[in-house]
Amino acid sequence: MGLLQKILVPFVGLLLAFWFYSGKEDFKPEMLQGKRVIVTGASTGIGEQMAYHLARMGSHILITARTEAKLQKVVTRCLELGAASASYMNGSMEDMGFAQHVVKKAEELWGSLDMLILNHVTAANFRFFNSDIEHVQKILNVNFLSYVAMAVAALPMLKNSEGSIVVVSSLAGKIGFPFVVPYATAKFALDGFFSSLRQELVMQNTNISITLCILGLINTDTAMKATSGVFSSFTAAPKEECALEIIKGGALRQREVYYAYSTVKIPLLFRDWFPELLDYIIRMKYDVGKLKGN
Ligand SMILES: NC(=O)c1ccc[n+]([C@@H]2O[C@H](COP(=O)([O-])OP(=O)(O)OC[C@H]3O[C@@H](n4cnc5c(N)ncnc54)[C@H](OP(=O)(O)O)[C@@H]3O)[C@@H](O)[C@H]2O)c1
Ligand SMILES: *[C@@H]1O[C@H](CO)[C@@H](O)[C@H](O)[C@H]1NC(C)=O
Ligand SMILES: *[C@@H]1O[C@H](CO)[C@@H](O)[C@H](O)[C@H]1NC(C)=O
């Protein structure tokens with residue numbers, strides 16, 4: 001026991017000291033100053049808030065979504081907040097040509113790119129999976145394939161700039177959740193594609209960071225409307241802080257971001273050690289009677 005303590009205590013102490021002081025860089029807003037950043041799905045929600053944070057930090061910003069009127073408003077606000085420049089492209093990510101075109105536009109505007117933030121998703125209904133394969137295909141196109149198309153198109157520029165890809169995912173991209181089967185499918189696919197690509201980039205000495213963001217429930221209008229009444233007890237975290245944590249994680253070149261930290265990290269620990277208990281707890285959190293359209 002004495003010997004164990006003599007070895008264990010200093011060892012744990014050393015580990016902790018290493019963890020705290022191992023050159024973990026602190027985030028500074030200047031890291032984004034003058035950087036050229038694409039944010040997809042930035043007409044509302046978390047993407048909109050990311051655009052405002054980047055504007056305050058003095059980045060060049062290119063935002064996309066389908067609704068032109070909303071994008072115009074966000075661009076105007078970004079310029080007021082101090083963006084080095086701000087422009088938008090409206091179009092649907094169902095169209096891979098449009099996805100690639102957005103990256104082309106960044107090349108025309110800036111000749112380079114420092115950060116690609118992939119964030120858009122189709123509005124999803126909360127319901128039991130109804131065997132609609134076409135719907136799965138559509139969700140996979142918008143929420144997954146367009147991410148791949150944009151990342152592939154951006155790789156040459158990001159390679160030159162030693163830039164970053166930031167992928168916004170969800171706890172539903174790491175753990176099975178009911179009523180979001182097609183959405184979860186696309187989020188799991190993002191993990192597979194980008195975590196594997198990260199390995200290959202390292203092996204090829206390509207200095208592009210990939211940050212996968214694992215989010216819990218966030219208080220965007222879309223999420224609040226979709227989940228109203230369905231959950232018995234999930235609290236939603238603020239979209240403004242969420243947006244900042246995503247940008248910080250990307251700038252610090254972290255492999256994954258967890259937000260809100262404990263609401264995401266604890267289920268992830270359970271996933272590996274007590275998966276059936278976790279599944280049970282998750283099912284308990286839903287009020288099936290209040291599902292719409294069932
Ligand atoms: N909110 C949450 O609770 C939560 C939880 C976990 C993960 N996340 C993730 O966080 C990210 C942002 O979520 P959010 O809640 O901020 O979403 P949101 O408010 O619904 O915003 C979605 C954005 O995507 C755009 N969009 C929708 N369909 C599109 C299409 N076909 N083509 C191009 N753009 C399209 C929307 O604009 P238009 O409609 O104008 O196109 C909008 O700008 C997503 O990746 C989501 O999965 C969110
Ligand atoms: C952009 O929005 C305008 C106005 O709503 C629309 O006429 C145009 O077709 C849109 N462009 C694309 C590529 O969807
Ligand atoms: C990768 O790029 C970042 C940003 O330019 C730089 O800080 C880091 O030192 C680079 N790493 C390597 C191994 O070159």
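In this chain, residues are counted from 1 in sequence order. Whatever order the structure lists ligands and atoms in, that order sets their numbers, starting from 1.
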Quiz item: When you measure from atom 10 (O) of ligand 1 to every protein heavy atom, which one gives the shortest distance, and what is it?
Solution: V168 CG1, 3.3 Å
Distance filter under 4.0 Å to [X] heavy atoms, resulting ligand 1 atoms:
X	answer
A42	43 (O)
G45	16 (O), 19 (O)
G41	23 (C), 24 (O), 25 (C), 42 (C), 43 (O)
I218	1 (N), 2 (C), 3 (O)
L217	3 (O)

Exercise. Classify the ring geometry between F128 and F179 as parallel (under 30°), tilted (30 to 60°) or perpendicular (over 60°).
Key: perpendicular
Quiz item: Which ligand 2 atoms, with their elements, are less than 4.0 angstrom from a heavy-atom of E68?
Solution: 2 (O), 3 (C), 4 (C), 5 (O)
Quiz item: Of all the atoms in ligand 2, which lie at a distance below 4.0 Å from a heavy atom belonging to G91?
Solution: 14 (O)
Exercise. With a 4.0 angstrom cut-off on heavy atoms, strictly below it, pick out the residues next to ligand 3 and order them by chain and number.
Key: E162, N207, R253
Quiz item: Judged by atom type as modelled, is there a donor-acceptor pair below 3.5 Å linking the side chain of D114 to the main-chain atoms of R36?
Solution: yes
Quiz item: Do the non-hydrogen side-chain atoms of L54 and V39 ever get within less than 4.5 Å of each other?
Solution: yes
Self-check item: Student check: side-chain heavy atoms of T211 and V257 closer than 4.5 Å
Solution: yes
